Amino acid sequence: MSEQSTSSLDKHFNFKEREAALYTAWEQAGIFRPEAASSKSAPVFNIAMPPPNANGELHLGHSYGYTVMDILGRFHRLAGERVLMLPGKDHAGIQTQVVFEKKLQAEKVDIKSIPTADLYKRCYDFCTDRAKYMRAQEKMLGLSADWSRELFTLDPRLSDIVFETFERMWKDGLIYRGSRIINWSVFSQTAISDVEVEYVERDGGLWYLSYPLVQPLTKSSKHELALPDGRKVKVGELGMVTATTRPETMLGDTALAVHPDDERYKDLVGCEAIVPLVGRRVRIIADKRVDPTYGTGVIKVTPAHDFADYDMGQDHKLELVQVIGKDGLMTKEAGAEFAGLSTKQCREAVLKRLAEEGRLLAESTIKHKVPVGERGKDVIEPLVSEQWFVNVDKAGNSLKRRALEMVKAGKIKIYPARFQVLFEQWLENLRDWNISRQIWWGHRLPVWYRKQGDKEEVHVGRQAPAGAGWTQDTDTFDTWFSSGQWAYSTFAAHGMVNLDKTPASNEFFPSHTMVMGRDILFFWACRMLLLTTYRLGDVPWKNIFFTGLIRDEHGQKMSKSKGNGIEPNDVISRHGTDALRLSLVMGASPGNDIIVSERKIEGYSKFINKLWNAAKLIEMKTCSIHDKGLPAQPTLAANRWILRELARVHRNVTQKMQEYEISIAADELYGFSWTVFCDWYLEMMKVLIDTGNDAYKQETATTVREVFRRILIMLHPFVPYISEELYQKVAGLKRTAFLAGESWDYKLQEVEGTDEVSELMEIVGAIRSVKSALNISSKRIAVSVPGARSAELSLLIKELARVDFVSDAQIPGDRALRKPFSGGVLVLDVDGKENYQKRLEKDAELNRSTIAGIEKKLSGEFATHAKAELVERERERLEQSRKALQEIEKELAMMVQ
RNA sequence: AGGCACGUAGCUCAGUGGUAGAGCACUUGCUUCACACGCAAGGGGUCGUAGGUUCAAUCCCUAUCGUGCCUACCA
């Protein structure tokens, strides 16, 4: 017996202390910089990581994305590549301004009294402060980012590029200023982007209004309309009947529209009608965008306050009458009677007046979706406003066509592949992009104006042109205009991309991979693709990986307002970073949502504990054994087996990682580490080291160290802390300063030999099964095992199954329980073997049905159609089952006697 | 309305044209000196439904139901 040794490791992994210490050590060693790679010409793996908004803190969604990125980054770093995980923060325009102004309000600061320049500075400081906090969270998560290259979207190095892009696009005619319909936030007093608008379902009214015809019909129509109150009216009889959810906008109607193929209204197209209350004469137009089955099939067209109507207005050259102002109140265009009312008051007033005039025919309630601001209560009004736009589909120089061509040509590998189609659809549907915002937080437009008499001069440039009287535009850029350039501006800021050279391809560009949540992804990805293609003539990234969303255990989206969110800091402090990372990855297939609960995180913390204890055991058993290096061909079957298994797992995991199948790779490693390595191999190791001779000890100690070292390397991307800690602390594992310096790939000579261990596992399993059923698991019993095997294997079977070997003849018949296995029949010496009868009967039944199944199969056309090897395999299975059944029946017959 | 995905054990998910899998949960036994955050042995599924192709379908095709998401519309 070997002397008792103790481990230098504590009872549990003290992750709270050790995680912070390990991170600091990594950072101080500079291993997160691409320059740390041993080869200066190694391939580059770089990610311009999506910058979170610098106005709050990280939520679990951020942790998820970062975990995926860090796993990829650490994997490629182990592969010897120059890895650059470039971190940053986004100034997040309107969102930050709202957060910041709320904060000032809470502090009872009078925002209006502060000059904009001061506000800007204070907000910048606020973001700097938040960024610092978030950076600490990112480090806590183990993110192996190159902090020396961190950037903020308002950093002058990035801003310069943003302004330059704007100027170039202006010169190229890809940017214009114009009055078009946009989403207007009444609360924030600015235009906002499509993604900032949400649609929520509300109960609303649908009112049926009649607009008199200028020239009444001469003969009555054969078509009838059904009103919701059951009435039927002849088409044209009461003028044009239209249904609307927003009666107040009728004051701005400049047409009525019907579907061109709608028989009911064919004769009326081209006629004129009168908008009630305002008395405006409007045309009846035909447009295929009208759905003839909805309402009455007639729509009132309000080009100034509806996106679809706006498009129709453009095509039919309709007048724009703006009746709702930016303050959310009715304008004087709405008429003296309504001007100054809120839209809600106006709706009531309009309905009252229409009813008085007999123009309100009917009303019904419906569910419909109304636009609201991101934070819920904000009212969004589509209205026409003068803004700056990017022309995304300019004739002869279409940004979106070029982007689309690249995607269609497969220049970006998309994971999962099914998102390719979605990506293309998004690009197809892009409308001109409003990039101006009426807020003070952000990049101020580099545009100057000067009034010269009636004319207004416009100059685009960072500096005011010569001459007096120029004033700069007070608008700022849509935050996506700057983050849309993140894919190249970040690398350009560090001199890794030359913006004046197109295509700009070099080792850092296009960047290797983009990881994005699939919710925001398409919106942002499209903009990045557009701007990068424009600026550099190439795609922004070679690969793009979409993650799903995080959901709670009931499948609900996590959100602050629902209160079902998991705080990363909180769970990390209780279960450790590694457990969180594992639970964010296990079961998460690309693009699909993932369910995360505290229970899941807690569950994976057990795996961390398991690794810790495996290390303790290895240390105890091997610390006194000197490592003489791994022999080319181990002599022990157990060692040959585990090395073969290791090589197999290494191949599988490597392949899955390269295919971005991260969860499958993690799952494979989890199973191998726990079931194969701990449950089987470590148990064998104990036996070989405790009871074996010196040669056994030597080879086994060396093997277990090598396999464990390899496991730690492979696990490191997923659980960086525990793996590094054990690598550092367990004697005999460490070869370089940090795991990051190890090599993922390794040359393992193909281990020869037959697979004797699977037979061992079958025999041990069969014995354990019998013992367990007879409730004698801990008892040492005698057993006869047919066949000859090495001293090592015999020893292992005896110790793992807790048996002594005897010959068949030594066991009395009334105590001998015969148990078939693939290599023959085991005979176990047990008390009360009749208690095993039920199990035997079940086994027999199982075998009979297997036999019947195979016989049926072989008697059919399978035998002639299927591949010969398949048929052969079935024959073997049949033979085996028959033999087993025979033995079981023999045993049962003896019991019955 | 259109598109996409999903539907496999109680839960979360793998998977394959030829013997249905894992983890968690559950049952039973075991404080065997790494770990009870553990070990061992078990129970549990006609792979959503209906057709089709095939010698053979959980897998391929068609239809259908259910769930989720996206886009458009909701005048």
Side-chain angles (χ1 to χ4, degrees), chain A residues 4 7 9 11-12 199 201 204 206-207 242-246 249-250 253 256-257 289-291 293-302 306-309 312 366-370 416 418-419 421-422 425-426 428-429 518-519 522 548-549 551 553 555 586-589 591-597 599-600 602-621 661 663-664 667-668 670-671 674-675 678-679 682-683 686 764-765 768-778 802 839 850 853-854 857 860-867 870-871 873-874 877 881:
Chain A
Q4 272 311 318
S7 168
L9 301 174
K11 191 159 168 43
H12 296 289
Y199 292 85
E201 192 162 84
L206 186 65
W207 289 275
T242 178
T244 179
T245 54
R246 297 201 66 190
T249 63
M250 63 147 325
D253 284 354
L256 292 172
R289 277 165 287 210
V290 179
D291 175 1
T293 64
Y294 191 89
T296 61
V298 179
I299 79 167
K300 52 185 275 310
V301 185
T302 322
D306 183 284
F307 279 86
D309 291 6
M312 245 184 257
I366 56 161
K367 280 198 188 304
H368 67 145
K369 287 186 178 165
V370 299
R418 64 185 143 89
F419 279 59
V421 182
L422 289 176
Q425 280 174 3
W426 263 86
E428 289 281 3
N429 293 334
R518 64 131 222 271
D519 49 344
F522 290 112
L549 309 179
R551 292 173 182 279
E553 50 200 321
M586 299 289 280
S589 58
N592 286 348
D593 293 351
I594 175 177
I595 290 178
V596 179
S597 63
R599 259 161 47 105
K600 182 176 181 186
E602 201 183 327
Y604 284 112
S605 71
K606 294 180 182 176
F607 179 66
I608 308 304
N609 185 251
K610 187 73 183 174
L611 288 174
W612 182 260
N613 279 291
K616 259 160 75 175
L617 175 68
I618 293 167
E619 211 181 39
M620 272 182 200
K621 297 290 178 194
E661 292 280 5
S663 70
I664 309 261
D667 194 58
E668 173 115 19
Y670 180 95
W674 199 312
T675 313
C678 288
D679 289 347
L682 288 186
E683 292 304 318
K686 280 188 205 168
V764 171
R768 282 173 174 171
S769 179
V770 174
K771 288 175 76 175
S772 181
L774 298 180
N775 218 343
I776 50 170
S777 291
S778 48
R802 297 178 143 252
R839 283 290 299 276
T850 305
I854 302 173
K857 200 170 180 180
E861 288 180 72
F862 172 79
T864 48
H865 280 76
K867 276 192 225 152
L870 276 171
V871 179
R873 206 165 73 197
E874 290 301 300
R877 270 185 63 216
S881 293

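Scope of the values below: all heavy atoms of this structure, side chains included, with no hydrogens, waters or symmetry mates. Letters go in sequence order (proteins before strands), and every chain restarts at 1. Computed from a prediction, not measured in an experiment: that's the story for all the values here.
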Integer angstrom distance from the P of U16(B) to that of G51(B): 27 Å
Determine the contact category for Val301(A): base if any of its heavy atoms lies under 4.0 Å from a base atom, sugar-phosphate if only primed atoms, P, OP1 or OP2 are that close, otherwise nothing. nothing
Give me the distance, rounded to whole Å, that separates G17(B) from C74(B) when you measure between the C1' atoms they each carry. 46 Å
Heavy-atom nearest nucleotide on RNA chain B taken for Arg289(A) and for His12(A); more 5' hit belongs to His12(A)
Between Ser772(A) (side chain) and Ser769(A) (backbone), is there a donor-acceptor pair under 3.5 Å? no
Closest to side chain of Leu870(A), choosing from G18(B), C13(B), A14(B): G18(B)
Could you tell me how far apart Ile618(A) (CD1) and A34(B) (P) are, to the nearest whole angstrom? 12 Å
Which pairs, protein N/O on one side and nucleotides 19-23 of chain B N/O on the other, fall under 3.5 Å?
from	atom 1	to	atom 2	distance (Å)
U19(B)	O4'	Arg877(A)	NH1	3.2
U19(B)	O4'	Arg877(A)	NH2	3.3

Rounded distance [0.5 Å steps], CD in Glu668(A) versus CD in Glu661(A): 12.0 Å
Could I get the full list of side-chain contact (heavy atoms from CB on, under 4.5 Å) partners for Thr850(A), not counting sequence neighbours? Ile854(A), Arg877(A), Ser881(A)
In whole Å, measure the gap between the C1' atoms of G43(B) and U28(B) for me. 10 Å
Distance check, rounded to the nearest 0.5 Å: Met586(A) atom CE versus Asp667(A) atom CG? 4.5 Å
Least distance between heavy atoms, Val290(A) atom then Ala257(A) atom: CG2-CB, 3.8 Å
I need a per-nucleotide contact map over nucleotides 66-71 of chain B, read 5' to 3'. Cutoff is protein heavy atoms under 4.0 Å; write B for the base, S for backbone only, - otherwise. ---SSS
What pair of heavy atoms forms the shortest contact from Gly587(A) to Ser663(A), and how long is it? N-CB, 3.9 Å
U12(B) P sits how many Å from Ile664(A) CD1, rounded? 18 Å
Check nucleotides 55-61 of chain B against the protein and report each pair of N or O atoms closer than 3.5 Å, with its distance, or say if there are none.
none

Using the salt bridge (charged side-chain N to carboxylate O under 4.0 Å, His left out) criterion, which residues pair with Asp593(A)? Sequence neighbours excluded. Arg518(A), Arg551(A)
Find the distance between CD (Glu874(A)) and NZ (Lys857(A)) and round it off to the nearest 0.5 Å. 4.0 Å
Kindly say whether Ser777(A) contributes a backbone atom to a donor-acceptor pair with the side chain of Arg802(A) at under 3.5 angstrom? no
P spacing across the pair A72(B) / G15(B), given as an integer number of angstrom: 32 Å
Atom CG of Asn592(A) and atom C1' of C13(B): how far apart are they, to the nearest Å? 10 Å
Which part of the nucleic acid, if any, lies within reach of Lys867(A) when heavy atoms closer than 4.0 Å are counted: base, sugar-phosphate only, or nothing? nothing
Who passes ring-ring contact (aromatic ring centres under 6.0 Å, His included) against Phe862(A), sequence neighbours left out? none
Distances for protein N or O near nucleotides 39-46 of chain B N or O, under 3.5 Å:
from	atom 1	to	atom 2	distance (Å)
C39(B)	OP1	Lys610(A)	NZ	2.8
C39(B)	OP1	Trp674(A)	NE1	2.6
C39(B)	OP1	Asp679(A)	OD1	3.0
A41(B)	O3'	Ser769(A)	OG	3.3
A41(B)	O2'	Ser772(A)	OG	3.2
G42(B)	OP1	Ser769(A)	OG	2.6
G42(B)	OP1	Arg839(A)	NH2	3.3
G43(B)	OP1	Lys842(A)	NZ	2.3

Rounding to an integer number of angstrom, what distance separates A57(B) and G18(B) when you compare their C1' atoms? 10 Å
Pick base, sugar-phosphate or nothing for Asp306(A), based on heavy-atom distances below 4.0 Å to the nucleic acid. nothing
For Leu422(A), enumerate each residue passing the side-chain contact (heavy atoms from CB on, under 4.5 Å) test, keeping only those at least two apart in sequence or located in another chain. Phe419(A), Gln425(A), Phe522(A)
P atom, A40(B) versus C24(B): distance in rounded Å? 11 Å
Rounded to whole Å, how long is the line connecting atom NZ of Lys686(A) with atom C1' of C35(B)? 9 Å
Residues in side-chain contact (heavy atoms from CB on, under 4.5 Å) contact with Asn609(A), at least two apart in sequence or another chain: His12(A), Asn613(A)
Where does the angle between the aromatic ring planes of Phe607(A) and Trp674(A) fall among parallel (under 30°), tilted (30 to 60°) and perpendicular (over 60°)? parallel
Result for 5'-nearest mapping on RNA chain B, choosing between Ser663(A) and Phe307(A), is Ser663(A)
Between A9(B) and A20(B), how far apart are the P atoms? Round to whole Å, please. 16 Å
Residues passing the salt bridge (charged side-chain N to carboxylate O under 4.0 Å, His left out) test with Arg246(A), sequence neighbours excluded, are Glu248(A), Glu381(A)
C1' atom, C39(B) versus G45(B): distance in rounded Å? 27 Å
Of the candidates C35(B), U12(B), A34(B), the side chain of Lys621(A) sits closest to A34(B)
Can you tell me which stems RNA chain B forms, taking runs of 3 or more consecutive Watson-Crick or G-U pairs with both distances under 3.5 Å? B:1-7 with B:65-71, B:10-13 with B:21-24, B:26-30 with B:38-42, B:48-52 with B:60-64
Would you indicate which nucleotide in U12(B), G29(B), A34(B) comes nearest to any side-chain atom of Asn775(A)? G29(B)
Base, sugar-phosphate alone, or nothing: which one does Ser589(A) contact when heavy atoms must sit under 4.0 Å apart? sugar-phosphate
How close or far is atom P of A14(B) from atom CE of Met586(A), stated in whole angstroms? 12 Å
Sequence neighbours excluded, the answer for side-chain contact (heavy atoms from CB on, under 4.5 Å) partners of Ala773(A) is Tyr836(A), Arg839(A)
What distance do Lys686(A) atom NZ and Glu683(A) atom CD have between them, rounded to the nearest 0.5 Å? 3.5 Å
Rounding to a whole Å, what distance do you find between Glu428(A):CD and C4(B):C1'? 16 Å
So CG of Leu617(A) and CD of Glu619(A): to nearest 0.5 Å the spacing works out to 10.5 Å
Could you give the NZ-to-P distance, from Lys600(A) to A25(B), as a whole number of Å? 14 Å
Can you check the Trp612(A) CH2 to A34(B) C1' distance for me, whole Å? 12 Å
Qualifying residue for salt bridge (charged side-chain N to carboxylate O under 4.0 Å, His left out) with Lys300(A), from Asp253(A), Asp306(A), Asp309(A): Asp253(A)
